[in-house]
Amino acid sequence: MKRLIFLLTIAFALYSGHLNAQARVAYIDSEYILDQMPEYRSAQKQLDEIAQKWKDEIQKKADEIDKLYKDYQAQWVLLPEDQRKKKEEDISTKEKALAAYKKEKFGPDGELDKKRQQLIKPVQDKVFDAVQQLAKESALDIIFDKAGAVTMMYSNAKYDRSDDVLEILGIAKKEEKK
């Protein structure tokens, strides 16, 4: 929906004359830029390690619940009704606690999301500032991000300014762009 509104706004602006044929347009590939930044790679590595640690904890808890359930099934015939209910409640409580833990760590506004904001947002802000500087220095009217939500059906490489943003950031190009 946002993409549609964005495209309609651009179309309307072009149609109404606010942007004329003289508009200077360029694009960047923020994914490529971020991949070249050591601080982004470091932050991403930290996030991956944190996420893996939590996934391992979740798997361990799930294995414990599975073992409890299998033990319960094996003993079900021998257990009195009150003990069956107690074991069922215990398993149910642990399953609910596991679901709450997953949501706390990986859910919307979970700890991983907050950690991502803490580690990645400053890097993204740095890129945004460099793009703003590039736009001013090069007198560009519009800069698209081909890695973003706007789909670029075709892009001529001569308008790609990603390496200029890297230069402003003081980062040497490390790998050939796809």
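For reference, positions follow the sequence shown, starting with 1.
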So CG of Leu134 and CD1 of Ile168: to nearest 0.5 Å the spacing works out to 4.5 Å
Does the side chain of Ser138 come under 3.5 Å of the side chain of Arg24 through a donor N or O and an acceptor N or O?
no
Taking only residues two or more places apart in sequence, or in another chain, which ones meet Glu111 in a salt bridge (charged side-chain N to carboxylate O under 4.0 Å, His left out)?
Lys105
Look up atom CG in Asp90 and atom CD in Glu95, then write down how far apart they are to the nearest 0.5 Å.
10.0 Å
Any sub-3.5 Å donor-acceptor pair from Ser42's side-chain atoms to Pro38's backbone N or O?
no
Test item: Ile143 and Leu140 side chains (from C-beta on) under 4.5 Å apart, heavy atoms
yes
State, without any angle test, whether Asp29 and Ser162 hold a side-chain donor-acceptor pair at a distance under 3.5 Å.
no
Apply side-chain contact (heavy atoms from CB on, under 4.5 Å) to the pair Asp141 and Val25, showing each step before the final yes or no.
CA-CA 6 Å; Asp141 298 311; Val25 179; 5.8 Å; no
From Ile65 atom CD1 to Leu98 atom CG, the distance as rounded to the nearest 0.5 Å:
4.5 Å
Tell me whether Val77 shares a hydrophobic cluster with Tyr72, the cluster being built from Ile, Leu, Val, Met, Phe, Trp, Tyr side chains joined at under 4.5 Å.
yes
Judged by modelled atom types alone, do Asp113 and Gln117 share a side-chain donor-acceptor pair under 3.5 Å?
no
Distance col, row Lys94:NZ vs Asp66:CG, nearest 0.5 angstrom, shows 13.5 Å
Side chains of Trp54 and Lys102, heavy atoms from C-beta outward: is any pair under 4.5 Å?
no
SB check Lys60 Asp56 (cutoff 4.0 Å):
no
Treating Arg41 as the side-chain partner and Asp35 as the backbone partner, does any N or O pair qualify as donor plus acceptor under 3.5 Å?
yes
Can Glu81 and Lys85 be said to form a salt bridge (charged side-chain N to carboxylate O under 4.0 Å, His left out), step by step?
CA-CA 6 Å; Glu81 184 66 28; Lys85 289 214 183 288; 3.6 Å; yes
Heavy-atom nearest pair, Tyr40 first then Leu34, reads CD2-O, 3.2 Å
Lys/Arg N to Asp/Glu carboxylate O, Lys67 vs Asp71, below 4.0 Å:
yes
Report all side-chain donor-acceptor pairs from residues 118-132 shorter than 3.5 Å, counting only partners two or more places apart or in another chain.
{"unit_1": "Lys121", "atom_1": "NZ", "unit_2": "Asp125", "atom_2": "OD1", "d": "3.1"}
{"unit_1": "Lys121", "atom_1": "NZ", "unit_2": "Asp125", "atom_2": "OD2", "d": "3.3"}
{"unit_1": "Lys126", "atom_1": "NZ", "unit_2": "Glu39", "atom_2": "OE2", "d": "2.7"}

Over 12 foreign heavy atoms within 6.0 Å of OH, Tyr69
no
Euclidean distance, Glu104 CD relative to Leu112 CG, rounded to 0.5 Å
12.0 Å
Check: Gln52/Asp48 side-chain N/O donor and acceptor closer than 3.5 Å
no
Asp163 and Tyr32: side chain donor to acceptor below 3.5 Å:
yes
Should the pair Glu57-Lys61 be classified as a salt bridge under the 4.0 Å nitrogen-to-oxygen rule?
no
For Leu169 and Ile33 the tightest heavy-atom approach is CD1-CG2, 4.1 Å
Side chain proximity check, Tyr27 to Ile142, heavy atoms < 4.5 angstrom:
no
Quick check: do Ile28 and Lys146 have side-chain heavy atoms less than 4.5 Å from each other?
no
With sequence neighbours left out, write down each residue that passes salt bridge (charged side-chain N to carboxylate O under 4.0 Å, His left out) with Lys87, or none if nothing qualifies.
none
Side-chain donor or acceptor of Arg84 paired with backbone N/O of Leu79 under 3.5 Å:
yes
